Number of protein chains: 2
Amino acid sequence: MTARSPKSAAKKKAATRLSSDDRSADILAAARAVIAEKGYEKTLLSDIARRAGVVDGTIYRYFENKRDLMVKVAQIWFGEQLLMDSHLESIAGTQNRLRHLAWRTLSIIQREPVLARFMLMELRPDPNYRNTPFFEMNRRFTHEMLQVCREAVESGEFLSDVSPNMLRDMLHGCIEHRTWAFLRGEGDFDVDEVADGIARVIYRGMAARPDGTVGSLDGLVRRLEAVTAKLDPAGANAHPKRRG
Amino acid sequence: MTARSPKSAAKKKAATRLSSDDRSADILAAARAVIAEKGYEKTLLSDIARRAGVVDGTIYRYFENKRDLMVKVAQIWFGEQLLMDSHLESIAGTQNRLRHLAWRTLSIIQREPVLARFMLMELRPDPNYRNTPFFEMNRRFTHEMLQVCREAVESGEFLSDVSPNMLRDMLHGCIEHRTWAFLRGEGDFDVDEVADGIARVIYRGMAARPDGTVGSLDGLVRRLEAVTAKLDPAGANAHPKRRG
DNA sequence: ATCTTAAATGAATGACGTTCATTCGATATG
DNA sequence: CATATCGAATGAACGTCATTCATTTAAGAT
């Protein structure tokens, strides 16, 4: 029914043959450049194609669809950011480690707001979330977060009455909320302050104490016990530490 | 150039004239029903129109565009949820209040997952965020959160070394993270447990104590003071409560 | 009965992503 | 050098939708 033959075979330009790698890389680079300029939503496939020096259809030889291309762009882009990170291992102290985990993500966001917007707002609601760079980031960072918390619980530094997953959600969630506000241009985005605040609240909120309460009570408790012992050496009227 | 005249004037159905309110309400109801069935992404304007018993173009008399219609649907839907909430005022104790704030949002999400997905994933990245029901929710809940925190700081129950805005971000962010996982069908969604965990960490993380440490020390401190007073009625060796 | 006005219509349009029959060019083969 | 082969590249056509707008219709006013 439809004749789809391009009869006018004006030979435009002699399509220079390249290896697949080169073409694919060209397209990825072009896509990244266009996204950086216009944001995901306004980025047309034809923009990318033009910039890559190919024709629309060619993109579909290398990528399944637009989203697939976009996800791959984000993966590369985000991967570069991870390389700049310092190592968690070199940092001592639970609270400092928590602070670093928050700081790292916040730094990436501050350094690459376009990438952050791209991943957070445009790529995140992927039906196939597990293929998303956002998921990858979460997976990676979550692993370390859980490690830090688990160690703290095992050493008795942290109480174990709140799931480490919850702490992870608090840390990442808080960062995300601040990021949204940042991307919207609301308020400031003080990386150090935010990282410090999150780490401080979580650390204090989880810090275990000998008497089962929270805080640095060692001194108080010792003094109370000493005084109590003096008052009542037999221990008859002592508060019921252990009965029977 | 183009003749846009529908020459065949088959008078289908005598378009019954309704008041604007009714039509608008019909369309809103139809939209909500279709969204509930198919989700935002798969909802076509023509679906809504058909269900509302109008024709596509009619929708544009009552709503600016598809997104505008969607946002209004979400506003109504979400507004209903707020009505079911119990009052924060009736709840005593800072930690209980925090728990309630978390619990309230989590309950809505659990009760109306389609609404949650709709607001969180599909409507949230609105260029005009401030018109979004998500923004409205945040504004409303944030107000109360800040109120609770401010009171706690003023009464000396909370330390003031972390911005209340950060606590808000932690609370809402944590909820959001759990919601994403819930909507993705990962893990369980125990409203009480999550609300309790968040409130507990934040409360402990912020609780101010007389000695500058953290924890529920009132009892201990009182006992220590009583005992100390007995030992040294003159107060000579009492810990430096007030000197000079 | 006729005029006026706003609601309703639905075919046309435009914007995009995606497809696919066809063409092109490099390499292998005789 | 001529020819066959095969994958890469092409770009016009297509399908899906949101959106527009010239035209029609119904209800109230005169």
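Note that this is a predicted model, so its numbers are computed, not measured. All chains are named by letter (A, B, ...) in the order of the sequence lines, taking the proteins before the strands, and each is independently numbered beginning at 1.
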Trainee: Given atom CD of B:Glu64 and atom P of D:dA18, what is their separation to the nearest angstrom?
Mentor: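 One finds 17 Å between P of D:dA18 and CD of B:Glu64, rounded.
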Trainee: I need the single residue from A:Leu101, A:Ile109, A:Ile108 that forms a side-chain contact (heavy atoms from CB on, under 4.5 Å) with A:Thr105. Which is it?
Mentor: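 For A:Thr105, the side-chain contact (heavy atoms from CB on, under 4.5 Å) test succeeds with only one of A:Leu101, A:Ile109, A:Ile108, which is A:Ile109.
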Trainee: Look at the side chain of B:Val55 and decide which nucleotide, out of C:dT9, C:dC16, C:dT19, has an atom nearest to it.
Mentor: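 In terms of side-chain proximity for B:Val55, the closest of C:dT9, C:dC16, C:dT19 is C:dT9.
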Trainee: Of all the choices, C:dA7, D:dT19, D:dA8, which nucleotide is nearest to the side chain of B:Lys66 once you look at every atom?
Mentor: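 Among the listed nucleotides, the one closest to the side chain of B:Lys66 is D:dT19.
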Trainee: Atom CD1 of A:Ile27 to atom C1' of D:dA8: distance rounded to whole Å?
Mentor: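 Atom-to-atom, A:Ile27 to D:dA8, this comes out as 11 Å.
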Trainee: Is the phosphate of C:dA8, meaning OP1 or OP2, less than 4.0 Å from a side-chain N or O of B:Tyr62?
Mentor: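 Answer is yes, contact under 4.0 Å.
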Trainee: Of all the choices, D:dC17, C:dG10, C:dA7, which nucleotide is nearest to the side chain of B:Arg61 once you look at every atom?
Mentor: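 Taking heavy atoms from C-beta onward, the closest nucleotide is C:dA7.
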Trainee: Atom CD of residue position A:Glu64 - does it have more than 12 heavy atoms of other residues, nucleotides or ligands inside 6.0 Å?
Mentor: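 No, CD of A:Glu64 has 12 or fewer neighbouring heavy atoms, counting only those of other groups under 6.0 Å.
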Trainee: Do other residues, nucleotides or ligands put more than 12 heavy atoms under 6.0 Å from A:Arg111 CZ?
Mentor: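 Yes, enclosed.
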Trainee: Please report, rounded to the nearest Å, how far the C1' atom of D:dG11 is from the CG atom of A:Leu45.
Mentor: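 A:Leu45 atom CG is separated from D:dG11 atom C1' by 14 Å.
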Trainee: Using atom NZ of B:Lys42 as one end and atom P of D:dA18 as the other, report the distance to the nearest whole Å.
Mentor: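 To the nearest whole Å, that distance equals 14 Å.
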Trainee: With a cut-off of less than 4.0 Å, is there a side-chain N or O of A:Arg23 near OP1 or OP2 of D:dA9?
Mentor: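 For D:dA9, OP1/OP2 do have a side-chain N/O of A:Arg23 under 4.0 Å.
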Trainee: For the residue pair B:Phe182 and B:Phe189, categorise the inter-ring angle as parallel (less than 30°), tilted (30 to 60°) or perpendicular (more than 60°).
Mentor: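 B:Phe182 and B:Phe189: parallel rings.
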Trainee: What is the separation between atom CG on A:Asp56 and atom P on C:dT18, rounded to the nearest whole Å?
Mentor: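 One finds 11 Å between P of C:dT18 and CG of A:Asp56, rounded.
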Trainee: Where the side chain of B:Val54 is concerned, which of D:dA9, C:dT9, D:dT20 is the nearest nucleotide?
Mentor: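 Among D:dA9, C:dT9, D:dT20, the one nearest the side chain of B:Val54 is C:dT9.
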Trainee: CG of A:Asp68 versus C1' of C:dT18: gap in Å, rounded?
Mentor: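 Computing the A:Asp68:CG to C:dT18:C1' distance gives 14 Å.
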Trainee: For the pair made of CZ in A:Arg67 and P in C:dT18, what is the distance, rounded to whole Å?
Mentor: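 Rounded to the whole Å, the gap is 11 Å.
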Trainee: Report the distance from atom CD of B:Glu41 to atom P of C:dC16, rounded to the nearest whole Å.
Mentor: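 Answer to the nearest Å: 18 Å.
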Trainee: Does C:dT19 have OP1 or OP2 sitting under 4.0 Å from an N or O in the side chain of A:Tyr60?
Mentor: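 For C:dT19, neither OP1 nor OP2 has a side-chain N or O of A:Tyr60 closer than 4.0 Å.
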Trainee: In terms of the angle between their ring planes, are A:Phe141 and A:His172 parallel, tilted or perpendicular, with boundaries placed at 30° and 60°?
Mentor: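 Tilted.
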